[in-house]
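One structure below.
As the structure is a prediction and not an experimental result, all values here were calculated from the model.
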Amino acid sequence: MDNNVKNVWIHCRVIDRDSMELLNFQEHVLCELSYRCNFNIIGISKIVSIDNNNNRYQINAMNHAIRAQKVDAVLVYTRERISTDKNILDEFMMFCDMCHVKFVTYHQLKDALNL
């Protein structure tokens, strides 16, 4: 993993309340990998929603931290945890690029650690 990454935001999402154990699982594995990498976890957003819009309080808080340059990377279990809508996902990834923030999935980080 990039040595410039120190501060991370963890973002987790599931589509319905029946999947709360998956929401907690995402948080657990991403936090565990963050600790192994000695990352500072700046924030964690956990969303239960089937819709793909990113106008939720948790997304806005993450975006604000990114804009304020408090975040070096956003960690997600999969890219689709941001949104299954390709346009929304692409715009979020462009926003991260514009702010020089890495967008990292669980599998990318796990592979980088050779786990």
From H64 atom NE2 to I59 atom CD1, the distance as rounded to the nearest 0.5 Å: 15.0 Å
Residues 86-96 side chain polar contacts: donor-acceptor under 3.5 Å, at least two apart:
unit_1: K86; atom_1: NZ; unit_2: D90; atom_2: OD2; d: 2.6

Closest heavy-atom pair and its distance - R17, M20: O-CG, 3.0 Å
Value rounded to 0.5 Å, distance of OG1 in T105 from NZ in K110: 11.0 Å
In a table with atom names and distances, give each donor-acceptor pair under 3.5 Å that connects a side chain of residues 65-77 to protein atoms at least two apart or in another chain.
unit_1: D72; atom_1: OD2; unit_2: K6; atom_2: N; d: 3.0
unit_1: D72; atom_1: OD2; unit_2: N7; atom_2: N; d: 2.9

Nearest-0.5 Å distance, CG of residue L23 to CD1 of residue I15: 12.0 Å
Sidechain-backbone polar pair: S19 side chain, L22 backbone, donor-acceptor under 3.5 Å: no
E21 and N24, any side-chain heavy atoms less than 4.5 Å apart: no
Close side-chain approach of Q26 to Y106, heavy-atom, < 4.5 Å: no
Criterion side-chain contact (heavy atoms from CB on, under 4.5 Å) on F103 and I82, from CA distance to verdict: CA-CA 11 Å; F103 184 85; I82 294 293; 3.6 Å; yes
Reported CZ-to-OG distance for the pair R13 and S83, which is rounded to 0.5 angstrom: 6.0 Å
Approximate separation, where rounding is to 0.5 Å, of Y35 OH and N40 CG: 10.0 Å
Heavy-atom side-chain proximity of I47 to C12 below 4.5 angstrom: no
Non-hydrogen side-chain atoms of E27 and I41 separated by less than 4.5 Å: no
4.5 Å side-chain heavy-atom contact, I44 and L30: no
Side chain to side chain, V14 and V48, heavy atoms closer than 4.5 Å: yes
Nearest-0.5 Å distance that lies between atom OH in Y57 and atom CE in M62: 12.5 Å
Minimal non-hydrogen separation, R81 against H11, with atom names: O-NE2, 3.3 Å
